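Since this is a predicted model, take the numbers as computed values, not measurements. Hydrogens, waters and symmetry mates are skipped; everything else that's a heavy atom, side chains included, is used.
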Amino acid sequence: MKIFNTLTGQKEGFRPLGDEVRMYVCGVTPYSECHIGHAMSYIIFDVARRYLEFRGHKVRYIQNFTDIDDKIIDRAATAGVPPQELAERQIAQYFSCMDALNIRRADAYPRATEEIPKIIEVIQGLIDKGHAYRTEDGSVYFRVKSDPDYGKLSHQDLDALQSGARVEVDAEKEHPLDFALWKAAKPGEPAWDSPWSKGRPGWHIECSAMSLKYLGEQIDIHGGGQDLIFPHHENEIAQSESFTGKEPFVRYWMHNGLLRLGEVKMSKSLGVLVTVHEVLERYTSDAVRLFILSSHYRSPLSFSDEGLEAAERGLERLQQAAGGGRNEDAGGKPPTIDVDAVRQAFIGAMDDDFNTAQAIGTLFDLAREINRARSEGVDVKPAQALLRDLAGVLGLTLAEREISLDAQPFIDLLVQVRTELRKEKQWKLADQVRSGLEELDIILEDTPKGTVWRKGRKQD
RNA sequence: GGCGGCGUUGCCAAGUGGUAAGGCGAGGGUCUGCAAAACCCUUAUUCAGCGGUUCGAAUCCGCUCGCCGCCUCCA
């Protein structure tokens, strides 16, 4: 399989360094609710991980929480709660969002505040090697001039980066692009002891430290949004490679395109965002996933209700084809669908840098074949199993909407009564029952084998 | 200014040299008491524009136009 590597700007054949794929994805700073931009990124990497496993790899997947930083401190102060309490609350909220989207949990979620010793070890190592220096107030900065290939990930050199820089010049720093590894605490801020001052880690250093600690000096895949390429990931490379002396720190850098709202990217700082919570009130998690995976992960995607609606309808077709929860007898005729060919088409698409859009195309092709074969009395069980299997690689459950168990006997009863009415050709009354149930979002379908019903798409 | 990317049918979206996947929508049909679901047919001679390379280009090259991201925190 091939993966597009941001570092080289090319698709490269993928081969893990060791027995298992070591994968690190930048997590969130838990200070506010997660939005669908987060959903997009984590769904994409969830699918990458699921697919790698589908292809027979063992994957070790690590994701961090930046549970201490300026924003958390500010926000906590405004809310009048301790920073850790705010972070804790938002982490819980994050998990509930991700779980709702059927995103599998990482193998570990290290937190910056719990990795201080490792962070200090890395910073000290960088100082010892001349890659970092302490300033008057006890902060420590990375010396970008000490890294000859600084800028290689964003394909810029120091001069180019500097010329467009909007960053303020700080008299403490040797170079404007030097960045904080350790920030000395101001009075009242959370702080940890260190050889340089009471303070807290800079934003970038935690990822290097955690990656080193949990995955080793060289890892296979490091992922995140394209907005993290500079400065975050650039700085991670500088720190990690300067510390270990080993290159490359990351063998495949993967970055997803950013979600847009209309014509601009969704962003916390711009205040334009839609929360996961809001989206899941209106659409199923399967639809959200299908919508996101319908375009290529490296392209920007515009959030739209039309797109979610389309995904929702398409999903219904996949559900129906997969069996739709109905109790149907297997057709009598032997299976005719070439499941191997479909599986290979799916793999062919996904092997090409996770081309989920094309892979989804193979799912719809399969759905059509299943429906056609089923109407001809062919046994479609194996094909349905494949459909569920492949959909599962994309994290689609194809689950029907559920209705409370309490209501089911009553619905069954009404359906039975209507069946009697239909036998007596009492169409008007029968139709009344059907439309009445439809009002309650119960959809009736009269099939040759009898009437079946399912939950519709109205919101509860 | 530097770096990166995008512009494909009504909408969304694959496709990076061999003659335009797929989804949604729309129209027609089959099935049905009528529906629903499903299936069948139709819906881009054309890929922002203009040149060039090639037997052949949406795909490669050049230019033009339009749009976006990054160079500050951000998935």
Counting only Watson-Crick or G-U wobble pairs whose two distances fall under 3.5 Å, which nucleotide matches [N]?
N: B:C60; value: B:G52
N: B:C65; value: B:G7
N: B:C39; value: B:G29
N: B:C34; value: none

5'-most by nearest nucleotide on RNA chain B - A:Gly27 or A:Ser295:
A:Ser295

Any base atoms under 4.0 Å from [X], or only sugar-phosphate, or nothing? Heavy atoms, all strands.
X: A:Pro448; value: nothing
X: A:Asn371; value: sugar-phosphate
X: A:Ile229; value: nothing
X: A:Asp365; value: sugar-phosphate
X: A:Gly224; value: sugar-phosphate
X: A:Leu290; value: nothing
X: A:Tyr42; value: sugar-phosphate
X: A:Ser375; value: nothing
X: A:His296; value: sugar-phosphate
X: A:Gly151; value: nothing

Respond yes when some side-chain nitrogen or oxygen of [X] is under 4.0 Å from OP1 or OP2 of [N], and no when none is.
X: A:Arg368; N: B:C40; value: yes
X: A:Arg313; N: B:G25; value: yes
X: A:His155; N: B:C3; value: no
X: A:Asn355; N: B:A14; value: no

Measure the spacing between CD1 of A:Ile119 and CG of A:Leu181 and express it to the nearest 0.5 Å.
10.5 Å

I'd like to know if A:Asp351 and A:Arg55 make a salt bridge, using a cut-off of under 4.0 Å between side-chain N and carboxylate O.
yes

Do NZ/NE/NH1/NH2 and the carboxylate oxygens of A:Glu241 and A:Lys152 come within less than 4.0 Å?
yes

Centroid-to-centroid, A:Tyr252 to A:Phe14, below 6.0 Å?
yes

Give the ring-plane orientation class for A:His233 versus A:Trp253, where under 30° counts as parallel, over 60° as perpendicular and anything between as tilted.
tilted

Parallel under 30°, tilted from 30 to 60°, perpendicular over 60°: which one fits the rings of A:Phe65 and A:Tyr94?
perpendicular

Given the [atom1] atoms of [N] and [M], what is the spacing between them in whole Å?
N: B:G25; M: B:C31; atom1: C1'; value: 23 Å
N: B:U59; M: B:U9; atom1: P; value: 15 Å
N: B:C63; M: B:C71; atom1: P; value: 27 Å
N: B:A21; M: B:U8; atom1: C1'; value: 12 Å
N: B:U45; M: B:G10; atom1: P; value: 9 Å

Rounded off to whole Å, could you give me the [atom1]-to-[atom2] distance for the [X] and [N] pair?
X: A:Gln319; N: B:G23; atom1: CD; atom2: P; answer: 16 Å
X: A:Gln358; N: B:G22; atom1: CD; atom2: P; answer: 11 Å
X: A:Asn256; N: B:A75; atom1: CG; atom2: P; answer: 11 Å

Nearest to the [X] side chain among [options], which nucleotide is it?
X: A:Arg317; options: B:A38, B:C73, B:G22; value: B:A38
X: A:Gln156; options: B:A14, B:C68, B:G2; value: B:G2
X: A:Phe230; options: B:A75, B:C39, B:C70; value: B:C70

Out of A:His175, A:Lys145, A:Glu234, which one pairs with A:Tyr150 under the side-chain contact (heavy atoms from CB on, under 4.5 Å) rule?
A:Glu234

Check: A:Tyr297/A:Asn355 side-chain N/O donor and acceptor closer than 3.5 Å:
no

Under 3.5 Å, is there a donor-acceptor pair linking the side chains of A:Asn371 and A:Arg368?
no

Side-chain donor/acceptor contact of A:Asp446 with base of B:C34 under 3.5 Å:
yes

Cation-pi, A:Phe303 ring and A:Arg260 (6.0 angstrom, 45 degrees)
no

Axial cation check for A:Phe95 ring with A:Arg105, 6.0 Å and 45° limits:
yes

The side-chain contact (heavy atoms from CB on, under 4.5 Å) partners of A:Asp352 (sequence neighbours excluded) come to A:Lys11

Residues of residues 340-354 of chain A with any non-hydrogen atom less than 4.0 angstrom from an atom of RNA chain B: list those, numerically ordered, please.
none

Residues in contact with RNA chain B, drawn from residues 412-434 of chain A - heavy-atom cutoff 4.0 Å
A:Arg418, A:Arg422, A:Trp427, A:Asp431, A:Arg434

